[in-house]
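Naming convention: chains lettered A, B, ... in sequence-line order (proteins, then strands); numbering from 1 in each chain.
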Amino acid sequence: DVKVTQSSRYLVKRTGEKVFLECVQDMDHENMFWYRQDPGLGLRLIYFSYDVKMKEKGDIPEGYSVSREKKERFSLILESASTNQTSMYLCASSSWTGGYQETQYFGPGTRLLVL
Amino acid sequence: QKEVEQNSGPLSVPEGAIASLNCTYSDRVSQSFFWYRQYSGKSPELIMSIYSNGDKEDGRFTAQLNKASQYVSLLIRDSQPSDSATYLCAVNRHTGGGNKLTFGTGTQLKVEL
């Protein structure tokens, strides 16, 4: 079974803090993704990575950065947390076979509260 | 127009009935379609994927795809209370390095005893 783990299930931070969310997958997947999920807005893609040290912006990258130094690990960084970044953060990974039949598997999520 | 649209619900069905969940999408070049189930407070888990027009069955679940109408649906037969969850429709967007998914906002399903 694919296993995607996230470093924390719940996190409380203060405005202005630097926040690190970690994601690890054990299936040697090339692709990793960070989403946030908010009521009424669904899942929105923040950043994704197709290879080590490679990153691309998703639909809502503002206020976030990412790091992928190893294939199995993808980190999301909030440089200066703000209250509007309070959300559920979901990491996902997938293996690209060269076509379009690519399934994303999700981690358990991190619920972040910024005070 | 949203890229992926779903009725937010809640959709209420009695136990044992067929639940029908619908999704429309705007990008005609999309080729992969996914249904995820998400229980409250949990992360999405994949139920079905479908890539070709027609029906695809897996146990009590049937996914239906009509690319001409840009429509994908999920049927759940013999609905059980454990099926009560939010169902997310996702559609791929192919980029140079792989595929990204666009998600609908989900349909909440309630299966009543």
Side-chain angles (χ1 to χ4, degrees), chain A residues 1-6 8-10 23 25 29-61 68 87-111, chain B residues 2-10 23-53 56 58 63 65 67 72 85-108:
Chain A
D1 279 352
V2 175
K3 190 169 183 182
V4 182
T5 58
Q6 295 182 228
S8 305
R9 292 300 307 274
Y10 301 94
C23 175
Q25 50 93 5
H29 284 172
E30 298 83 12
N31 306 328
M32 298 188 75
F33 307 83
W34 274 108
Y35 296 87
R36 62 177 285 176
Q37 185 175 30
D38 302 286
L41 297 177
L43 275 83
R44 293 178 292 166
L45 182 63
I46 304 171
Y47 266 97
F48 57 101
S49 170
Y50 293 135
D51 201 352
V52 175
K53 295 192 186 295
M54 179 275 179
K55 59 186 178 184
E56 285 196 29
K57 294 180 180 178
D59 300 316
I60 51 163
R68 193 166 180 200
S87 186
M88 167 73 99
Y89 289 88
L90 290 158
C91 175
S93 73
S94 68
S95 181
W96 186 42
T97 58
Y100 49 83
Q101 298 183 14
E102 176 184 333
T103 300
Q104 291 187 21
Y105 298 93
F106 285 85
T110 295
R111 193 169 292 279
Chain B
K2 291 183 180 178
E3 292 184 59
V4 180
E5 293 208 52
Q6 297 180 255
N7 188 319
S8 62
C23 173
T24 58
Y25 60 95
S26 61
D27 189 350
R28 288 191 169 275
V29 302
S30 296
Q31 298 191 62
S32 304
F33 307 87
F34 304 86
W35 283 101
Y36 285 84
R37 177 176 62 200
Q38 187 174 26
Y39 292 113
S40 180
K42 302 293 185 183
S43 62
E45 56 179 325
L46 181 72
I47 298 177
M48 296 277 289
S49 59
I50 186 167
Y51 311 112
S52 304
N53 278 328
K56 179 182 178 182
D58 183 1
L65 175 61
K67 290 185 180 180
V72 59
T86 296
Y87 290 80
L88 304 175
C89 173
V91 176
N92 86 311
R93 296 175 283 166
H94 186 74
T95 66
N99 296 286
K100 299 189 290 184
L101 292 180
T102 300
F103 286 83
T105 54
T107 297
Q108 185 183 7

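More than 12 heavy atoms of other residues, nucleotides or ligands shown are found within 6.0 angstrom of NZ on B:K56. Atom CZ of A:R111 has 12 or fewer heavy atoms from other residues, nucleotides or ligands within 6.0 Å.
Proximity to chain B (any heavy atom under 4.5 Å) is restricted, for A:R9, to the side chain, taken from C-beta onward. Neither the backbone nor the side chain of A:M54 comes within contact range of chain B; no heavy atoms are under 4.5 Å apart. With a 4.5 angstrom heavy-atom cutoff, B:L101 touches chain A via backbone and side-chain atoms both. Residue B:Q6 does not touch chain A at all, counting heavy-atom pairs closer than 4.5 Å.
Across every non-hydrogen atom of B:Y51 and A:E102, the tightest pair is OH-N, 4.4 Å. Heavy-atom minimum distance, B:Y36 versus A:Q104: OH-O, 2.6 Å. Closest approach of B:S43 to A:P108, counting heavy atoms only: OG-CA, 3.8 Å.
Heavy-atom pairs under 4.5 Å with chain A peak, among B:V4, B:T86, B:T105, B:T102, at B:T105. In terms of heavy-atom pairs under 4.5 angstrom with chain B, the leader among A:D51, A:L43, A:L41 is A:L43.
The CE atom of A:M88 lies 9.0 Å from the NZ atom of B:K42; values are rounded to the nearest 0.5 Å.
The shortest distance between side-chain heavy atoms of A:Q37 and B:Q38 falls below 4.5 Å.
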